[in-house]
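For ligands, and for the atoms within them, numbers begin at 1 and follow the listed sequence. This one's a predicted model, so the numbers in the text were calculated from it and none came from an experiment.
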Amino acid sequence: MSDCLFCKIIKGDIPSQKIYEDDFVFGFKDLNPMAKIHHLFVHKEHTGNVNELVETSPKQLADVYLAISKFSKESDLEREGFRVVTNVGPNAGQTVFHTHFHVLGGERLGHFGS
Ligand code: 5GP
Ligand code: ZN
């Protein structure tokens with residue numbers, strides 16, 4: 001999608017701090033971190049949110065979670081623990097409409113849900 005922020009980041013047209021890449025998935029540091037570690041994992045194929053992603057191709061969900069799994073094993077994240085969050089729509093505060101998965105960790109995380 002030509003006017004999508006995260007598509008531009010994946011292509012390298014907008015700079016980012018890349019922390020992971022494979023054939024299907026791109027991972028980079030969030031610009032406004034909400035925890036000591038706050039990364040975003042996105043599938044290279046554009047969809048607007050996770051519902052659209054699984055309806056387009058459930059394999060994309062596996063691609064993303066495999067990437068997160070690999071990354072967490074290669075860093076301290078798996079041992080220390082981490083959280084994965086994906087926001088959908090206004091009540092969740094979704095602001096970028098290229099499906100993305102927040103990976104949070106590096107410290108004890110607070111409760112969530114409100
Ligand atoms: P959402 O609120 O849609 O779930 O998450 C969007 C995330 O993208 C936010 O955490 C925000 O900080 C991050 N973000 C927005 N613009 C940029 C950017 O240009 N670069 C990076 N690295 N992160 C961004
Ligand atoms: Zn996109």
Could you check I19 against E21 for side chain to side chain contact (heavy atoms under 4.5 Å, CB included), going step by step and ending with a plain yes or no? CA-CA 7 Å; I19 49 92; E21 184 168 16; over 6 Å; no
Test log, rule side chain to side chain contact (heavy atoms under 4.5 Å, CB included), inputs F82 and D76: CA-CA 10 Å; F82 64 98; D76 289 332; over 6 Å; no
Check the pair F26 / F6 against ring pair (Phe, Tyr, Trp, His ring centres under 6.0 Å), numbers first and verdict last. CA-CA 10 Å; F26 194 83; F6 286 175; 9.7 Å; no
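A pairwise comparison of heavy atoms in L40 and H102 identifies CD2-ND1, 3.4 Å as the closest pair.
Atom CG of D13 is surrounded by more than 12 heavy atoms from other residues, nucleotides or ligands within 6.0 Å.
Residues F71 and H39 place their aromatic rings such that the two centres sit under 6.0 Å apart.
With waters neither drawn nor counted, the protein N/O/S atoms under 2.8 Å from the Zn ion (ligand 2) amount to 4.
Between Y65 and F101, the angle of the ring planes goes over 60°, which puts this pair in the perpendicular group of the 30/60° scheme.
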Identify the protein atoms, limited to N or O, that lie within less than 3.5 Å of an N or O atom of ligand 1, and list each pair with its distance to 0.1 Å.
from, atom 1, to, atom 2, distance (Å)
ligand 1, 2 (O), G93, O, 3.1
ligand 1, 2 (O), T95, OG1, 3.1
ligand 1, 3 (O), T95, N, 2.7
ligand 1, 3 (O), T95, OG1, 3.2
ligand 1, 3 (O), V96, N, 3.0
ligand 1, 3 (O), H100, NE2, 3.0
ligand 1, 4 (O), N87, ND2, 2.8
ligand 1, 4 (O), H100, NE2, 2.9
ligand 1, 4 (O), H102, NE2, 2.8
ligand 1, 5 (O), H100, NE2, 2.9
ligand 1, 5 (O), H102, NE2, 3.3
ligand 1, 10 (O), D30, OD1, 3.2
ligand 1, 10 (O), D30, OD2, 2.5
ligand 1, 12 (O), D30, OD1, 2.5
ligand 1, 22 (N), K29, O, 2.9
ligand 1, 22 (N), L31, N, 3.4
ligand 1, 23 (N), L31, N, 3.3

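Annotation: the span from I9 atom CD1 to H98 atom NE2 amounts to 10.0 Å, rounded to 0.5 Å.
In terms of modelled atom types and a separation under 3.5 Å, the side chain of Q94 and the main chain of G48 share a donor-acceptor contact.
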